[in-house]
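For clarity, every value in this text was computed on a predicted model and none was experimentally measured. Values below: every heavy atom of this structure, side chains too, minus hydrogens, waters and symmetry copies.
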Amino acid sequence: MYYFIVNPQSRSGKGAQIWRRLEVELKKSTAEYQVYLTERPGHARELAARLTSGQTEPASSQVVVAVGGDGTLNEVLDGLHVSSQVTLGYIPTGSGNDFARSMRIPKTPQRALHRILHPRYFRFLDYGVLSCDICNINHRRFAVSSGIGFDAAVCQRLDASAFKRFLCRIHLSKLSYIFIGLQSLFRMRRVSGQLILDGIKKIPLKDIAFLSTHVQKYEGGGFKFAPKADPCDGQFDICVFSHVTRLKMIPPLLLAFVGMHTRCNIVRTYRCKELTVHMEAPCAVHADGESLGLHSDVTLSCRTRQLRVIV
């Protein structure tokens, strides 16, 4: 049985239209399916939790498919009872689609649907778990990345941006990342703190612009911040931008589109399974591009190859 959790508001409201076209293809197949349309933020999480709690179907026969952007996928992952080993599918209809880009899932929804109905193979992927310094964010999962600082501030502004919605309607969503990114760059502030890797190695953080923690290679609509990330190795790839002025941030950010930013002396990289970040002042935090507010203490851990996914 296929359970489709569809965000009709993805791609600036075109998600519903895309789904109608997909359902025409579904009805031509012999697949048994049910569809659930999300009605509000957080609804995909609730639906995924309800569909996979106490399930009695074999894992191979119950497939939960997220239809939307990385935010919809994040909510579905966050709600899944992963211990049930339910299979996860994804049809990208968002503006960033970094998970699909990293996993080479077809960009065309019809082709992505065909792969789900006729899978070549499955992979068991890692995912991250984030806890913040307040009790209501103590187990937030993420499939792509989590960030603290500049990249998370960009996510916050994108969530509230009418300009982004306008650009999505005219199929120029990539420009919104550039525009909001530049706007955030000129408002950027640097913060110091400390990073602890795997509970052992302590690294002082001085004048940090942002710190991103990756399961997948890409974030932010195509920035290849973690070019060596492997979503099956049980390790996070961490990218830190530090000791940098606003103007000096631009060249390495541009180089990040092709994964060459690591050659810049303002960029440091680390690998670990668990990390704790302490900042001297509260900073913006995101999980898969979803804003989680401002926090000064964040703990992240990698769950190794626990997520069964059609790719």
Side-chain angles (χ1 to χ4, degrees), residues 70 96-99 101-102 128 130 142 144-158 174-198 201-231 233 235-281 283-289 296 298 300 302:
D70 289 321
N97 300 324
D98 288 303
F99 182 84
R101 181 179 290 105
S102 295
L130 177 149
F142 58 94
V144 177
S145 69
S146 175
I148 303 169
F150 168 75
D151 64 336
V154 172
C155 294
Q156 284 186 344
R157 292 189 175 100
L158 281 168
K174 296 294 182 188
L175 291 179
S176 66
Y177 289 91
I178 297 172
F179 177 81
I180 300 297
L182 288 172
Q183 184 185 65
S184 301
L185 183 63
F186 287 104
R187 297 179 182 179
M188 182 187 75
R189 61 189 181 93
R190 296 171 295 177
V191 182
S192 297
Q194 185 181 65
L195 176 64
I196 303 175
L197 306 181
D198 291 325
K201 187 175 181 180
K202 295 183 179 181
I203 300 169
L205 301 175
K206 184 69 174 176
D207 292 332
I208 298 299
F210 75 93
L211 181 155
S212 57
T213 302
H214 295 263
V215 178
Q216 303 285 349
K217 298 179 188 296
Y218 295 92
E219 79 162 30
F223 286 94
K224 199 175 185 179
F225 283 131
K228 296 182 179 180
D230 179 349
D233 66 357
Q235 298 277 313
F236 287 133
D237 281 52
I238 302 164
C239 178
V240 180
F241 278 58
S242 62
H243 296 91
V244 59
T245 63
R246 293 177 177 89
L247 290 178
K248 287 184 178 180
M249 272 276 284
I250 296 175
L253 284 175
L254 294 175
L255 288 171
F257 272 111
V258 290
M260 295 178 63
H261 59 295
T262 55
R263 301 181 183 183
C264 301
N265 59 10
I266 67 164
V267 178
R268 289 179 287 166
T269 60
Y270 307 96
R271 303 191 78 243
C272 66
K273 184 178 177 62
E274 296 183 355
L275 69 150
T276 300
V277 184
H278 169 71
M279 294 297 195
E280 294 178 353
C283 300
V285 177
H286 81 85
D288 289 344
S296 56
V298 180
L300 305 102
C302 183

Can any side-chain N or O of [X] pair as donor or acceptor with the backbone N or O of [Y] at less than 3.5 Å?
X: Arg190; Y: Ser242; answer: no
X: Asp98; Y: Gly220; answer: yes
X: Arg189; Y: Ala209; answer: no
X: Asp198; Y: Lys273; answer: yes
X: His286; Y: Gly147; answer: yes

- Would you call the rings of His261 and Phe241 parallel, tilted or perpendicular, where under 30° means parallel and over 60° means perpendicular? parallel
With a 4.5 Å limit on heavy-atom distance, are the side chains of [X] and [Y] in contact?
X: Ile148; Y: Cys283; result: yes
X: Tyr218; Y: Val144; result: no
X: Met249; Y: Leu185; result: yes
X: Val240; Y: Val267; result: no
X: Ser146; Y: Leu300; result: yes

From [X] atom [atom1] to [Y] atom [atom2], the distance as rounded to the nearest 0.5 Å:
X: Cys302; Y: Phe236; atom1: SG; atom2: CZ; result: 4.5 Å
X: Lys228; Y: Thr262; atom1: NZ; atom2: OG1; result: 7.0 Å
X: Ile196; Y: Leu275; atom1: CD1; atom2: CG; result: 9.5 Å
X: Ile250; Y: Leu255; atom1: CD1; atom2: CG; result: 12.0 Å
X: Thr213; Y: Glu274; atom1: OG1; atom2: CD; result: 12.5 Å

- Query: Taking the six-membered ring where the residue is Trp, are the ring centres of Phe223 and Phe257 under 6.0 Å apart?
  - Reply: yes
- Task: Sort and list the pairs that fulfil salt bridge (charged side-chain N to carboxylate O under 4.0 Å, His left out) and have at least one residue in residues 203-226, not counting sequence neighbours.
- Result: none
- Task: Using distance alone, with no hydrogens and no angle criterion, decide if His214 and Ser212 have a side-chain donor and acceptor under 3.5 Å apart.
- Result: yes
Identify the two heavy atoms, one from [X] and one from [Y], that lie closest to each other, and give their separation to 0.1 Å.
X: Ala281; Y: Val191; value: N-CG1, 3.8 Å
X: Pro231; Y: Gln216; value: CB-NE2, 3.6 Å
X: Ala153; Y: Ala284; value: N-CB, 3.7 Å
X: Phe142; Y: Ala287; value: CB-CB, 4.1 Å
X: Phe225; Y: Cys239; value: O-CB, 3.9 Å
X: Val244; Y: Met188; value: O-CE, 4.2 Å

- Item | Candidate list Leu195, Ile238, Ile208, test side-chain contact (heavy atoms from CB on, under 4.5 Å), partner Arg268, passing option |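 Going through the options one by one, the only one that passes is Ile208.
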- Query: With sequence neighbours left out, what residues match Arg271 under salt bridge (Lys or Arg N to Asp or Glu O under 4.0 Å)?
  - Reply: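 Partners of Arg271 under the salt bridge (Lys or Arg N to Asp or Glu O under 4.0 Å) test: Asp233, Asp237.
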- Query: Passes side-chain contact (heavy atoms from CB on, under 4.5 Å), Phe210 versus Val154? Steps please.
  - Reply: CA-CA 11 Å; Phe210 75 93; Val154 172; over 6 Å; no
- Residues Gln194, Thr276; criterion side-chain contact (heavy atoms from CB on, under 4.5 Å); working and verdict: CA-CA 8 Å; Gln194 185 181 65; Thr276 300; over 6 Å; no
